[in-house]
2 protein chains.
Amino acid sequence: MKSTEKIKILLVDDHQLIREGIASMLGDCNDIEIIGSVPSGEEAINAVRMNRPDVILMDIMMGGMTGIEATRWIKGDDPDIKVILVTMEISKEYVSAGITSGVNGYLPKDSDKKTLIDAIYAVQNGGHFFNDAIMKLVFEDFYSREKLKNVPSKLPHELTKREYEILRQVASSKSNKEVAESLFISIKTVETHKTHILEKLGLKNTTELVKYAIKNKIIAVDSL
Amino acid sequence: MKSTEKIKILLVDDHQLIREGIASMLGDCNDIEIIGSVPSGEEAINAVRMNRPDVILMDIMMGGMTGIEATRWIKGDDPDIKVILVTMEISKEYVSAGITSGVNGYLPKDSDKKTLIDAIYAVQNGGHFFNDAIMKLVFEDFYSREKLKNVPSKLPHELTKREYEILRQVASSKSNKEVAESLFISIKTVETHKTHILEKLGLKNTTELVKYAIKNKIIAVDSL
DNA sequence: TTAAAAATCAGGATTTCCCCTGAGGCTTGC
DNA sequence: GCAAGCCTCAGGGGAAATCCTGATTTTTAA
């Protein structure tokens with residue numbers, strides 16, 4: 001990039017207030033130009049095709065497509081476009097997923113102006129930018145993983161042992177029939193158990209049951 | 001620990017100069033008492049059995065036994081004794097090895113007095129202490145590993161935008177009917193899309209689709 | 001001991017899912 | 001223009017899931 005050219009920024013966030021806040025933060029910066037401001041990942045993808053930005057500042061949690069998903073899409077079209085994810089709360093899962101999808105930076109929404117501009121310059125120059133809180137988060141995750149190798153997971157006995165067994169199998173994408181065969185019981189019994197499980201946990205259907213199982217570490221997500 | 005009792009420290013380093021340097025740093029601290037000062041890991045283990053310290057400040061690289069090895073021994077006898085490793089240079093291997101063997105803190109030798117005392121208090125209160133350089137080191141390692149994961153994949157857009165929209169909604173536990181209503185299209189269309197999605201992604205049914213969506217951060221697990 | 005909870009199963013009704021074939025309209029790229 | 005891909009919809013059918021009521025046996029807990 002020639003030094004005379006401004007860094008072109010695209011803002012993506014479903015809250016207009018946030019977008020305008022960032023825009024005003026960057027307003028008096030001579031080297032930076034905001035070329036677009038859209039409220040969703042879908043529109044971001046379109047905007048990028050219309051007018052290619054250098055750096056995208058994007059929220060993670062948005063109405064439709066997540067920032068992660070949009071990043072993957074955009075990077076698929078043009079890997080040289082830099083993406084900085086901006087988020088309310090930082091969570092380890094999203095940091096690592098973000099890095100895997102190729103984001104170049106990660107900022108909390110309460111970052112100050114200097115941090116924001118530093119981040120933009122850093123990614124524009126081919127580097128990456130993750131603030132201390134995020135590095136700390138990744139470290140804490142590393143620490144707990146290294147330290148807590150063999151800790152037996154305990155979970156509240158909301159469900160009976162049998163129900164728990166059914167839950168695990170159903171969440172592993174087995175059909176009622178397959179579960180029945182695997183446990184040598186009737187399909188009708190499986191159905192009854194399943195009804196009880198959904199009742200007890202306040203869930204609607206099997207898909208919510210899968211999410212419950214993943215959330216509570218009853219099954220692993222990578223089992224695919 | 002009663003607040004009237006001092007924190008009992010054991011110093012372990014094969015350089016007497018270092019031990020005395022640390023001792024003098026902690027000399028005027030009323031809450032801290034140095035109960036021992038030994039030049040090797042072996043002697044540290046003996047010293048611990050004679051007179052139990054609360055916190056051990058130990059060098060990593062020593063003549064015989066390393067600080068890592070000594071930590072493992074000591075923690076095997078009494079896991080409640082806190083260990084802070086002190087080192088000349090930081091290296092990723094030693095940080096991770098240290099954490100695995102249960103150290104509670106990790107300091108470079110050029111730490112100032114305040115940092116040293118902060119670290120002692122932190123581990124004494126059940127926490128851990130790793131300075132910024134070490135967290136950064138771990139993060140950079142994490143970053144490069146995560147980023148490498150992405151390089152070979154480089155997968156094209158497997159799904160169309162519409163299919164992603166369907167996928168997102170289905171994975172959010174909506175029924176075909178609900179998805180159809182939300183998008184103002186026919187249930188039959190939703191079914192067609194869904195069939196295509198399952199085909200393209202090599203999935204069996206809706207539960208696997210949910211897991212795929214979670215794994216790829218298309219939906220969040222905590223949306224329950 | 002007795003009551004409650006858990007685990008098992010059935011019949012029947014209704015809905016939803018999944019798959020198949022086929023097809024019309026639409027935009028995009030060559 | 002024309003092929004290709006995408007989005008839309010339909011009919012039909014089999015499989016599966018969901019929901020209901022009701023029941024028996026075993027296990028657990030009060």
Side-chain angles (χ1 to χ4, degrees), chain A residues 40-43 45-52 64-65 69 73 76-78 155-213 224, chain B residues 155-213 218-219:
Chain A
S40 74
E42 288 85 348
E43 290 183 58
I45 292 168
N46 289 330
V48 166
R49 286 174 182 162
M50 295 289 107
N51 192 0
R52 184 189 178 284
M65 186 176 261
E69 199 49 31
W73 208 290
D77 285 348
D78 185 344
L155 49 122
H157 285 176
E158 286 189 274
L159 302 181
T160 68
K161 272 167 72 180
R162 200 56 160 174
E163 285 167 346
Y164 184 80
E165 180 62 29
I166 306 283
L167 166 56
R168 183 169 29 217
Q169 299 216 22
V170 169
S172 303
S173 299
K174 283 189 179 177
S175 68
N176 292 354
K177 190 181 172 187
E178 288 171 317
V179 175
E181 281 165 1
S182 128
L183 297 176
F184 304 106
I185 56 178
S186 154
I187 295 180
K188 281 295 180 181
T189 307
V190 176
E191 288 174 357
T192 305
H193 282 306
K194 218 165 151 184
T195 304
H196 290 157
I197 294 168
L198 295 182
E199 255 173 33
K200 286 186 179 180
L201 302 179
L203 304 175
K204 202 173 73 183
N205 52 31
T206 308
T207 65
E208 288 197 342
L209 194 147
V210 172
K211 286 195 270 184
Y212 177 91
L224 244 174
Chain B
L155 47 104
H157 309 143
E158 290 193 85
L159 302 181
T160 67
K161 270 170 78 174
R162 199 55 161 175
E163 285 166 347
Y164 263 105
E165 182 61 30
I166 305 284
L167 166 56
R168 193 173 308 113
Q169 298 215 23
V170 169
S172 302
S173 299
K174 284 189 180 176
S175 66
N176 291 354
K177 192 180 171 187
E178 288 171 318
V179 175
E181 281 166 1
S182 126
L183 296 177
F184 305 105
I185 57 178
S186 154
I187 295 181
K188 280 295 178 181
T189 306
V190 176
E191 288 176 356
T192 304
H193 281 307
K194 218 166 151 182
T195 302
H196 290 158
I197 294 168
L198 294 182
E199 248 174 41
K200 287 185 180 180
L201 301 179
L203 303 175
K204 202 172 72 182
N205 52 31
T206 308
T207 65
E208 288 198 341
L209 194 147
V210 171
K211 286 194 270 185
Y212 177 91
I218 293 164
I219 62 162

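All values below come from the heavy atoms of this structure, side chains included, with hydrogens, waters and symmetry mates left out. Lettering of chains follows the sequences in order, A, B, ..., and the numbering in each one begins at 1.
- Counting non-hydrogen atoms under 4.0 angstrom, A:His196 reaches nothing in the nucleic acid.
- Considering only side-chain N and O atoms, B:Asn176 lies nowhere under 4.0 angstrom from the phosphate OP1 or OP2 of C:dT16.
- Of the candidate nucleotides D:dC19, C:dA6, D:dG11, C:dA6 has the atom lying nearest to any side-chain atom of A:Lys200.
- In this structure, A:Ile197 and A:Leu209 have side chains that are in contact, with non-hydrogen atoms separated by less than 4.5 Å.
- If you take NE2 of B:His193 and P of C:dC17, they are 16 Å apart, rounded to a whole angstrom.
- Within the 4.0 angstrom heavy-atom criterion, base atoms lie near B:Thr192.
- The closest side-chain heavy-atom distance from B:Tyr164 to A:Glu42 is not below 4.5 Å.
- Rounded to whole angstrom, the span from the CD1 atom of A:Ile187 across to the P atom of C:dG11 amounts to 13 Å.
- Minimum interatomic distance between B:Ile219 and B:Ser172 (heavy atoms only, all atoms of both residues): CG2-OG, 3.9 Å.
- Rounded to whole Å, atom P of D:dT8 lies 10 Å from atom CD of B:Glu165.
- What separates CZ of A:Arg162 from P of D:dT25 is a distance of 19 Å, to the nearest Å.
- Residue A:Ile197 contributes atom CD1, which lies 14 Å from atom C1' of D:dA17 at whole-angstrom precision.
- Rounded to whole Å, atom C1' of C:dT16 lies 11 Å from atom NZ of B:Lys188.
- The shortest distance between side-chain heavy atoms of B:Thr206 and A:Val210 does not fall below 4.5 Å.
- Only at 4.0 angstrom or more do the heavy atoms of residues 178-185 of chain B sit from any atom of DNA chain C, so none qualifies.
- B:Leu209 has its CG atom 13 Å from the C1' atom of C:dC18, to the nearest Å.
- Between B:Glu165 and B:Arg168, at least one side-chain N (NZ, or NE/NH1/NH2) sits under 4.0 Å from a carboxylate O, which counts as a salt bridge.
- If you check every strand for non-hydrogen atoms under 4.0 Å, B:Thr189 touches a base.
- Following rounding to the nearest Å, A:Glu191 (CD) and D:dA23 (C1') show an atom-to-atom distance of 16 Å.
- No more than 12 heavy-atom neighbours from other residues, nucleotides or ligands sit within 6.0 angstrom of NZ on A:Lys177.
- Checking C:dT16, D:dA17, D:dC9 against every side-chain atom of A:Thr206, the shortest atom distance belongs to D:dA17.
- Where A:Lys174 and A:Glu199 meet DNA chain D, the nucleotide closest to each residue was compared, and A:Lys174 sits on the side nearer the 5' end.
- Nearest nucleotide to the side chain of A:Lys177, out of C:dC17, D:dA16, C:dA6: D:dA16.
- For D:dT18, the OP1/OP2 oxygens have a side-chain nitrogen or oxygen of A:Lys194 closer than 4.0 Å.
- A salt bridge is absent between A:Glu208 and A:Lys211; no separation between the charged side-chain nitrogens and carboxylate oxygens falls under 4.0 Å.
- Side chains of A:Arg162 and A:Ile185 form a contact here, defined as non-hydrogen atoms less than 4.5 Å apart.
- When the nucleotides D:dT8, C:dA10, D:dT18 are ranked by their closest atom to the side chain of A:Ser186, C:dA10 comes out on top.
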